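Just below is one structure, and these are the notes that go with it.
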Amino acid sequence: MKSNKLAIIGGGPSGLAALKWALYDGFDVTLFEQGKETGGQWTQAPGLSGVWDSLHTNSSKYLTAFSDMPFPEDTELYPSHAVVKQYLGDYRENFGLSPYIKLNTTVNQLECLAGKGYQLTYTTKQNGARSEIFDRVIVASGRFNKPHIPQGAGLDKFTGRVSHAFNYRSNTDFSGRRVLVVGNRVTGSDLAADLSLNDSVTVISSCRKPKYVVTKLINGEPGDHQLYTRFRSLAANAFPPGAGAERLKEFIIKSCGNPADFDGLKPAENILEAGVTVSDGYLAQVQKKRITQKLDVDHFNARSVVFADGTEEAIDDVIFATGYELNLPFLSSEIYQVINTGDEHLDLYKYTFHPSFPNLAFIGQYLQSGSFFPSLELQARWITGTWSNHIPAASPAEMLDWIAGFKTTKGQGMPGLHELAGLVANAAGFEPDLNAFPDLAGSLLFGPLLPLQFRLQGHGSMPGAKAVYLKNNAGKVNSISDLSDEQLTQLKAVAGVLKENTGLQQLIENI
């Protein structure tokens, strides 16, 4: 490796994973974190985190973790934000990352020096502004730190309090008030449910489209174990988006109910049009009349809101749970323009690289459903493995071709964990060969997308990963022979379309 001086911008989960893998691959690495501690969103630091006091994860502890450090066995299934923060601190210490981290350091500009590396200008409290040249840079600064507040008609005339979910901390801050929560994705639904637990708060929840709601547990199992699987990723590649939509809707309604059954707004029949969100308490509170559901806001008055159906409600506060804008203010204008910053996603090869900047990479700068932890770790391992020449790099032409295709489809819904993790794992050679592990193939296809499965093969594979995987999956489906007739039928249907997937074809032949 000719040059190995590497900078990482950001000390949240993505930055810590990148630091761990950069050290594994022998880089001289420095991580820059603007806060006083690492952990990103999970620190609850004002201005840097949108985590509220009672928040728990919406993904199970098995998927809210990295491959080589599971949560302690006695951790609750959906950990609190404090437990996740502690986990990230333990990860940092277990892998000896602290000596490579500069805290209280704000990156002001990242500039490409035309084949001579990247100049990083940063400010520290002790030394003021400084510049340093690095051979390579990983941007891991987080995706959810610049709140988006749409400027609705009349909002400037509204005299009550206006805020974003990013600043929400506790329902006690709204005692005795009438609160409108705009947005019904995961954050909006959970925030409305949390507010409704304070009996003195009147809660109104508005949305453009009523969604189907999935609970964290489905039929006694974590929902993310059933919704994010390798088989679902294969099926998404084999069939058009609408092919499995009706089956997914039937599964959700059978397992979690139709929102209309809870006296809520009825979603569109087409689940792709309506969308899906995750929340344990939202529909229960709608049914108890603690949350009033409304369609989109038409306009605001001084102390009220008028909805699309013409009804009007008096309100004291508006909380927008309307997502986040990309926030990379330190990028030079050259980089900014090439990667098309300003959209919801950057124009990057498989969300990670751009051929115009061969020694620059990005982690976590995308929207995704499901836990980010497995995807972030896969990206980190792919980046440092490629830069250390252990993983073949895609050609510039291949990258540009993929980016061109991506531009035509971005904005048409966000990928799930299974899709994004599969995309990266396949590109990097981390996706386990089903035929090399026939005693695991059934679980690798239909079981949960446990991060450990990506350590079975490829650069950075972990000795003993198979034994640990079998132990964690004890008593469950493992081999192909354990699959049900329905699962086998589904698998053969996918294989019938994905003719180019030679590994899948061989697996089917050996059944």
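Just the heavy atoms: all of them, side chains too, but no hydrogens, waters or symmetry mates, feed the values below. Since we're looking at a predicted model, the values are computed, not measured.
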Write down the atom of V51, the atom of R169, and the distance for their closest heavy-atom approach. O-NH1, 3.3 Å
Any donor-acceptor N or O pair under 3.5 Å, side chains N301, E312: yes
Roughly how far, to the nearest 0.5 Å, is the OH atom of Y324 from the CZ atom of R143? 10.5 Å
Does the ring of Y78 carry K216 above it, NZ/CZ under 6.0 angstrom from centre and within 45° of its axis? yes
Applying side chain to side chain donor-acceptor pair (under 3.5 Å) as the test, list every pair that has at least one member in residues 187-196; sequence neighbours left out. S54-D194, N58-D190, Y168-D194, D190-S279, S196-Q285
For R178, all residues meeting salt bridge (charged side-chain N to carboxylate O under 4.0 Å, His left out), sequence neighbours excluded: E313
Are D316 and R161 ion-paired here, with the side-chain N under 4.0 Å from a carboxylate O? no
Which atom of S371 lies closest to which atom of T64, heavy atoms considered: OG-CA, 3.7 Å
Could you tell me whether K266 and E269 have a side-chain N and a carboxylate O separated by less than 4.0 Å? yes
Derivation and outcome, side-chain contact (heavy atoms from CB on, under 4.5 Å), residues D317 and F174: CA-CA 8 Å; D317 302 279; F174 296 87; 3.9 Å; yes
Can we call the ring centroids of Y349 and F362 under 6.0 Å apart? no
Does F66 form a side-chain contact (heavy atoms from CB on, under 4.5 Å) with F373? I'd like the steps, not just the answer. CA-CA 6 Å; F66 297 126; F373 278 65; 3.7 Å; yes
Residues D173 and S170: side-chain donor-acceptor under 3.5 angstrom: no
Less than 6.0 angstrom from the centroid, inside 45 degrees of the normal: does R381 satisfy that with respect to the ring of F454? no
Can you pull the ring pair (Phe, Tyr, Trp, His ring centres under 6.0 Å) pairs that have at least one residue in residues 176-216, sequence neighbours excluded? none
Examine the side chains of S14 and Q379 and answer whether a donor and an acceptor come within less than 3.5 Å of each other. no
Distance in Å, Q293 CD paired with L265 CG, rounded so as to fall on 0.5 Å steps: 4.5 Å
For S205 and Y282, what are the C-alpha separation, side-chain angles and deciding distance, and is it a side chain to side chain donor-acceptor pair (under 3.5 Å)? CA-CA 10 Å; S205 169; Y282 183 74; 2.7 Å; yes
Ring centroid separation for H225 and Y62, is it under 6.0 angstrom? yes
